[in-house]
Amino acid sequence: MTQRAYRYRFYPTPEQEQLLRRTLGCVRLVYNLALHTRTEGWYERQERIDYKQTSAMLTDWKKQEDKQFLNEVSCVPLQQGLRNLQKAFTNFWAGRAKYPNFKKKRNGGSAEFTRSAFKWKDGQLWLAKCCEPLPIRWSRTLPENCEPSTVTVRLDASGRWFVSVLVDASAPLSVNTERSRGVEEHTVKSLPQLDKAIGIDAGITSLIATSDGEKIVNPKHFKRLKRKLRQAQKALSRQVKGSNNREKARRQVARIHAQIADARKDFLHKLTTRLVRENQTIVVEDLAVKNMMKNHKLAQAIADASWSELVRQLEYKCQWYGRILVKIDRWFPSSKRCGHCGHVVDKLPLDVREWDCPECGTHHDRDINAANNILAAGLAVIVCGANIRPDGHKSKGQLRKTSLASRRGKKQKPKS
């Protein structure tokens, strides 16, 4: 069964917003209390506290006089918060994530509702303890004859409300918007087969370069709004802590961050959708973006390019629409290898954007040549499962002369 989440923005009434904010606060409190208890139990008594124990603690917390407000909200989001904490600890023990952090009020928050805590009827959604359906802005309709299995309500740092609805995506979708004029579609439908493959080389100046010779300019959304963000952050730093003006300034900073994130994600969605529709096979490099971010000179530019999000979108869209995504090894010398004769140069600094092969004299554009090599390596993996890791042979040439000091051999010390 294929599941898909649809996210919508909604505008709650004052009564709904008051209840939802109280629910988010209770979820945050229970999560932080359970995290504190588990941390304290381990460091003081070397005791591992699991989900069942924290669930029993939640029952005791509800009976305390100073925590009676926990009974005023639905118990389902509180239990789901404890399950999410257990999942966070599982990922930490498996080495997939860092130690869980405490939730903060200024970051907004989220609450997850299962089937027993909401009602879906006639295309409207009622949450537990809500008398009215959520006023959702339906930007697209849900699949017919499908009921949501999970509903997640989220308040972001800028004060916007979102609801994510998880449904089975294998049912047909009846679209009733004016633009589509009642055309029936499927939420997940394989695209027609194509006889075309493409290699993609990710970059900073050009977001991607393809083996077709196309370069997509990096819009650099963060750099575009950096000055505006800096002014808002300066205004925030001048406000008195705890004042209403500081809260307004904090929300303004959060709005600019949300504007940057939304513009970046929108651009990547349009780009990846086009790539998936036009190509049957897409080959990319398996880059270690987390390690590359440790370079402080390039970290901001790499984060603004959002390579991980680009590959993530390509992964699930290829899976949805019947395309093939191939990842080649990150150590494959795609930029330093001549796509004509296979010669590998010793060094190719980042400031060298075009170069001539010292073996065959072919002139290369650095990014286009890398994309062609990535495509060739990916096709080799598909056809014969070839190993595209570097073969370890010594490079025969380089494009920049090394300094005299670096060419001098070091004098070996006599063995004692």
Side-chain angles (χ1 to χ4, degrees), residues 190-221 264-287 289 301-302 304-345 348 350-357 359-386 388 399:
S190 298
L191 295 173
Q193 296 286 326
L194 299 175
D195 187 17
K196 185 179 180 182
I198 193 172
I200 296 177
D201 177 60
I204 295 176
T205 304
S206 298
L207 181 62
I208 62 169
T210 68
S211 55
D212 295 338
E214 181 184 7
K215 287 187 177 182
I216 305 297
V217 179
N218 185 4
K220 299 181 180 179
H221 301 285
R264 181 186 296 127
K265 188 171 293 186
D266 178 72
F267 178 81
L268 291 178
H269 270 297
K270 293 177 180 178
L271 175 61
T272 53
T273 300
R274 180 171 69 86
L275 291 174
V276 170
R277 289 184 181 277
E278 296 177 354
N279 303 279
Q280 180 66 30
T281 303
I282 302 175
V283 186
V284 296
E285 286 182 298
D286 185 18
L287 297 175
V289 180
I302 294 174
D304 198 10
S306 193
W307 295 337
S308 297
E309 177 66 15
L310 174 69
V311 176
R312 187 191 72 85
Q313 292 185 13
L314 286 175
E315 282 181 341
Y316 75 78
K317 289 181 181 181
C318 287
Q319 183 180 4
W320 282 353
Y321 301 114
R323 302 309 196 198
I324 302 173
L325 179 68
V326 182
K327 291 183 180 180
I328 67 171
D329 195 273
R330 66 189 59 166
W331 300 110
F332 177 70
S334 58
S335 298
K336 298 189 293 184
R337 181 184 295 272
C338 175
H340 184 260
C341 67
H343 175 77
V344 181
V345 297
L348 190 63
L350 289 176
D351 59 341
V352 179
R353 309 313 302 174
E354 296 183 1
W355 57 283
D356 296 323
C357 177
E359 191 74 16
C360 64
T362 305
H363 181 75
H364 294 293
D365 180 280
R366 179 194 182 103
D367 299 331
I368 302 299
N369 176 67
N372 288 322
N373 289 331
I374 290 172
L375 174 60
L379 295 178
V381 172
I382 295 175
V383 174
C384 58
I388 48 85
L399 291 185

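For this chain, numbers begin at 1 and follow the sequence in order.
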Subject >> salt bridge (Lys or Arg N to Asp or Glu O under 4.0 Å) partners of residues 311-324, not counting sequence neighbours, each pair once >> reply: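 Residue pairs passing salt bridge (Lys or Arg N to Asp or Glu O under 4.0 Å), neighbours aside: Glu309-Arg312, Glu315-Lys327.
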Locate the shortest heavy-atom distance separating [X] from [Y]; write the atom from each residue and the value.
{"X": "Ser335", "Y": "Trp355", "result": "O-CZ2, 3.5 Å"}
{"X": "Phe267", "Y": "Val217", "result": "CZ-O, 4.0 Å"}
{"X": "Ala197", "Y": "Leu379", "result": "CB-CD2, 4.2 Å"}
{"X": "Thr210", "Y": "Ile368", "result": "O-CD1, 3.6 Å"}
{"X": "Cys318", "Y": "Ile282", "result": "SG-CD1, 4.1 Å"}
{"X": "Asn373", "Y": "Ser334", "result": "ND2-O, 2.8 Å"}

Side chains of [X] and [Y]: closer than 4.5 Å at any heavy-atom pair?
{"X": "Lys215", "Y": "Asp365", "value": "yes"}
{"X": "Leu271", "Y": "Ile208", "value": "yes"}
{"X": "Thr273", "Y": "Tyr321", "value": "no"}
{"X": "Trp307", "Y": "Ile204", "value": "yes"}
{"X": "Val276", "Y": "Leu314", "value": "yes"}

Subject >> Sequence-distant partners of Leu350, side chain to side chain contact (heavy atoms under 4.5 Å, CB included), two or more places apart >> reply: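 Leu298, Arg366.
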Original post:
With sequence neighbours left out, what residues match Asp201 under side chain to side chain contact (heavy atoms under 4.5 Å, CB included)?
Top reply: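 For Asp201 the side chain to side chain contact (heavy atoms under 4.5 Å, CB included) partners, ignoring immediate neighbours, are Glu285, Asp367, Ala370, Ala371, Ile374.
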So, taking the atom named [atom1] in [X] and the one named [atom2] in [Y], what distance separates them when rounded to the nearest 0.5 Å?
{"X": "Ile198", "Y": "Leu375", "atom1": "CD1", "atom2": "CG", "answer": "8.0 Å"}
{"X": "Asp286", "Y": "Arg330", "atom1": "CG", "atom2": "CZ", "answer": "4.5 Å"}
{"X": "Ser190", "Y": "Gln319", "atom1": "OG", "atom2": "CD", "answer": "10.5 Å"}
{"X": "Leu275", "Y": "Leu268", "atom1": "CG", "atom2": "CG", "answer": "10.5 Å"}

Subject >> With sequence neighbours excluded, residues passing salt bridge (charged side-chain N to carboxylate O under 4.0 Å, His left out) with Arg264 >> reply: Asp304
Original post:
How would you list, by chain and number, every residue that makes a salt bridge (charged side-chain N to carboxylate O under 4.0 Å, His left out) with Lys196, sequence neighbours excluded?
Top reply: Asp212
**OP:** Quick one: list whatever passes side-chain hydrogen bond (donor to acceptor under 3.5 Å, both in side chains) with Asn369, sequence neighbours left out.
**Re:** His364
Subject >> Donor-acceptor under 3.5 Å (Gln280 side chain, Gly322 main chain) >> reply: yes
Original post:
Quick one: does Arg337's side chain have a donor or acceptor within less than 3.5 Å of a partner on Val344's backbone?
Top reply: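 Flag not set: sc Arg337 to bb Val344 has no pair under 3.5 Å.
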**OP:** Please check if atom CZ in Arg277 has more than 12 non-hydrogen atoms from other residues, nucleotides or ligands closer than 6.0 Å.
**Re:**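 Counting neighbours around CZ of Arg277, 12 or fewer heavy atoms of other residues, nucleotides or ligands fall under 6.0 Å, so no.
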